[in-house]
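Just below is one structure, and these are the notes that go with it.
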Amino acid sequence: MKIIVAIKQVPERDARIRIDSAGKWIALDEIEFRMNESDAYALEEALLLKEAQGGEVVVLSAGPERVGQTIREALAKGADRGIHIASDRLGEYDALGVARLMAAAIADEQADLILTGLQSDDLGLGQTGVILAELLGIPHSSLILKIEKTEVGIRVLRELEDGWFQHIEMTTPALLTIQSGNTRLRYATLMGIKKARSKDLRVIEADALGVDAARCVSLDSVMLPSRQKTTQMLTGTPAEAAAALVEKLQQEVRVL
Amino acid sequence: MSTVLVFLEAKSGEPTRISLEALAAGAQIAAATGAALAAAMVGAATGAGFGMLGAAEQVFAIEDPLLAAYTADGFTASYAQLIAQVKPEFVVLPHTYQVRDFAPRLATRLGRVLISDVTGIAMDAGKVTLTRQLFQGKLNGQYHAVVGSPTLLSVQAGAFRAEAAAATQASVTTFTPNLDAASIRTKPGEPFRAAAQTVDLASAPLLVSVGRGIKDEANLPLVKELAEALGAELAASRPICDAGWLPMERQVGSSGQTVAPKLYLAVGISGAIQHLVGMKGSQCVVAINKDENAPIFEIADYGIVGDLFEVVPALTAAVRKAKG
């Protein structure tokens, strides 16, 4: 089975969010980046499938040079090779544009399965995978927790709302967006990190893919959200804040 | 005249609450742009639920046996065909798990991009601008659709107020899509629920809920002690249950339980929207978080910005002292 895993490099979750001077995105200096969480689960599912069925895992990512580190991390965890769509201006593409770049970059791969996380931790659109499936003309399922191989294709476990689930049978090639939490994520071993250095990482310039960067939607500005409630902030030392809270819980909330 | 077309979801023949919120969002855009409001829902036109769509001037019942069970292929093809007939300027959908599954495919088929999970609609210099959250709610982004139509958007649960059903009965037109069984490439099974729950968080009056900020399973006793001191049940955000540190049945949020206790004490929870939808009905929310900009503070009644490893033990001690 040949599996492509599309991963995104995003600012780490605890990163301090500051708006840049143009008010259009966050300031990226002093930010540390890491693999998008649900993409890490997609990679884990791909590696588990490969271990069980044999085959190849190819990681695909788009972005500036720093994205190479995240691809190397995936290679260190066990992916076989990487494809880096290189662009310093990826923000100028909308989700359809990015998916078109990806579709063009993997057009010759003939993968059986394409996996990606269900949404990114930064933009949170939750769309790129599904758009890619439509562009490639293959079926998809989203919010997938488990993948089993069947005689004609795959059977997947999809998460629905409020604790409901559903099995879906589908043919391959197919695209799945993976929900986090079904498995424990592995760490790269020292041996894996060493091996990753010699694995094939192909860099394709985005501009060479012949994709029109014209957008359908535009992100005009970003801003801090306004508070919906008036929050009473309790300050002081931990002991003072705790004492103030207990007083509120006794006298105003009346739960103590 | 241009049209705003709202696609609704039905449960047992009735439009769901979030669908009526989407209809309200559609009505807002129609009023602002001088467009007509149309609604569409899968089901037989004789269904009573269609009577609740009176706010719309035109209502379509999308009817086909192949739509009895949801599939992305069936819904994408049917909706695309109705859009081709109605030619709306705006298409509005509720941001549900189902819409998340097919709407990006629908938009792509139309050569467009869906603006997903919208929380606000405004007019700016004659154009409609849409607000959605970025970075798990830490930022808001303002979007607009560039030339071309339709503009497709999905609206977040609770972001718009569902209007009471209009008294007038809308006239319902049956729309029969041209579907072919072979074009539906997935075979969905019956939905099922996971094993019976042994913890009923929904009935607990006091909840102490723990998130990513706890950092390690070994630190959980810290919040367990606070919960015991308060006489509260222990809950968690998704990452804690994903990691296996607490069982899934203690998870609060869109994929877990929905709770509305007297007190919801959130420890080290940043407050991503998937978590907030599960607890924002709580009577009192207390948040302890090291990041003063964490979205949880937007809905908290009381907040303490600080290191939970210092604040929680202090709070446990203070609660014990108060209880004597």
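We name chains A, B, ... by the order of the sequence lines, and we start the count at 1 in each one. Because the structure is a prediction, the values reported are computed rather than measured.
In terms of modelled atom types and a separation under 3.5 Å, the side chain of B/Thr186 and the main chain of A/Met170 share no donor-acceptor contact. At least one donor-acceptor pair under 3.5 Å links the side chain of A/Gln127 to the backbone N or O of B/Leu114. Side chain of B/Arg193 to main chain of A/Phe165: no donor-acceptor pair is present (N/O by atom type, distance under 3.5 Å, no hydrogens or angles). Side chain of B/Thr108 to backbone of A/Glu134: no donor-acceptor contact under 3.5 angstrom is found.
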>> Could you walk me through whether A/Glu169 and B/Arg185 satisfy the salt bridge (Lys or Arg N to Asp or Glu O under 4.0 Å) test, starting with their C-alpha distance in whole Å, then the side-chain angles of each, then the deciding distance to 0.1 Å, before giving a yes or no?
In response: CA-CA 9 Å; A/Glu169 286 180 37; B/Arg185 298 167 291 183; over 6 Å; no
> Taking it one step at a time, do B/Lys187 and A/Ile168 satisfy side chain to side chain contact (heavy atoms under 4.5 Å, CB included)?
Replying inline: CA-CA 5 Å; B/Lys187 216 190 278 172; A/Ile168 297 176; 5.8 Å; no
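Contact count versus chain A (heavy atoms, under 4.5 Å) is highest, among B/Lys290, B/Arg109, B/Glu310, for B/Arg109. Interface check for chain A: of the options B/Leu139, B/Thr119, B/Val311, B/Thr129, the most heavy-atom pairs under 4.5 Å are formed by B/Leu139. Contact count against chain A (heavy-atom pairs under 4.5 Å) is highest for B/Asn140 among B/Leu206, B/Asn140, B/Leu315. Each of A/Leu224, A/Leu123, A/Val10 has some count of heavy-atom pairs under 4.5 Å with chain B, and the biggest count is that of A/Leu123. Contact count against chain A (heavy-atom pairs under 4.5 Å) is highest for B/Val113 among B/Val319, B/Leu134, B/Thr96, B/Val113. In terms of heavy-atom pairs under 4.5 Å with chain A, the best-connected choice from B/Pro313, B/Ala232, B/Gly303 is B/Gly303. When the candidates B/Gly148, B/Gly278, B/Ala243 are compared by the number of heavy-atom contacts under 4.5 Å with chain A, B/Ala243 comes out ahead.
If you take CG on A/Leu249 and NZ on B/Lys262, they are separated by 12.0 Å, rounding to the nearest 0.5 Å.
Under the 4.0 Å criterion applied to side-chain N and carboxylate O atoms, B/Arg100 and A/Glu161 are not assigned as salt-bridge partners. Ion pair A/Lys248/B/Asp301 not flagged as a salt bridge, since none of the NZ, NE, NH1 or NH2 atoms sits closer than 4.0 Å to an Asp/Glu carboxylate oxygen. With salt bridges taken as basic N to acidic carboxylate O contacts below 4.0 Å, one links A/Glu159 and B/Arg238. Classification of B/Asp101 and A/Arg158 as a salt-bridged pair holds, one side-chain N sitting under 4.0 Å from a carboxylate O.
The salt bridge (Lys or Arg N to Asp or Glu O under 4.0 Å) check on B/Arg132 picks up nothing, with sequence neighbours excluded.
Contacts of A/Asp94 with chain B are made by side-chain atoms alone, with heavy-atom separations under 4.5 Å and no backbone atom involved. Heavy-atom distances place the side chain of A/Arg16, and not its backbone, under 4.5 Å from chain B. There is no contact between A/Leu175 and chain B, counting heavy-atom distances below 4.5 Å. Residue contact with chain B, scored on non-hydrogen atoms closer than 4.5 Å, is absent for A/Ile144. In this structure, chain B has a heavy atom under 4.5 Å from the side chain of A/Leu256, while its backbone stays farther away. Residue A/Leu185: no heavy atom, backbone or side chain, is found under 4.5 Å from chain B. At a 4.5 Å heavy-atom cutoff, A/Leu132 makes no contact with chain B through either its backbone or its side chain. A/Glu37 touches chain B through its side chain: at least one heavy atom from C-beta onward sits under 4.5 Å away, while N, CA, C and O do not. Within the 4.5 angstrom heavy-atom criterion, no atom of A/Glu240 approaches chain B. Only the side chain of A/Val253 comes within contact range of chain B, with heavy atoms under 4.5 Å apart.
In this structure the side chain of B/Tyr302 never reaches within 4.5 angstrom of the side chain of A/Thr231, judged on heavy atoms. The side-chain heavy atoms of A/Leu245 and B/Ile304, taken from C-beta on, include a pair separated by under 4.5 Å. Side-chain contact between B/Tyr97 and A/Leu143: present, with at least one pair of heavy atoms (C-beta onward) separated by less than 4.5 Å. For the pair A/Cys216/B/Val146, no side-chain contact is recorded, criterion being any heavy-atom separation below 4.5 Å from C-beta on.
Using cut-offs of 30° and 60° on the angle between ring planes, the pair B/Phe192 and A/His167 is parallel.
Summarising the local packing, CZ of A/Arg254 is surrounded by 12 or fewer heavy atoms from other residues, nucleotides or ligands at distances under 6.0 Å.
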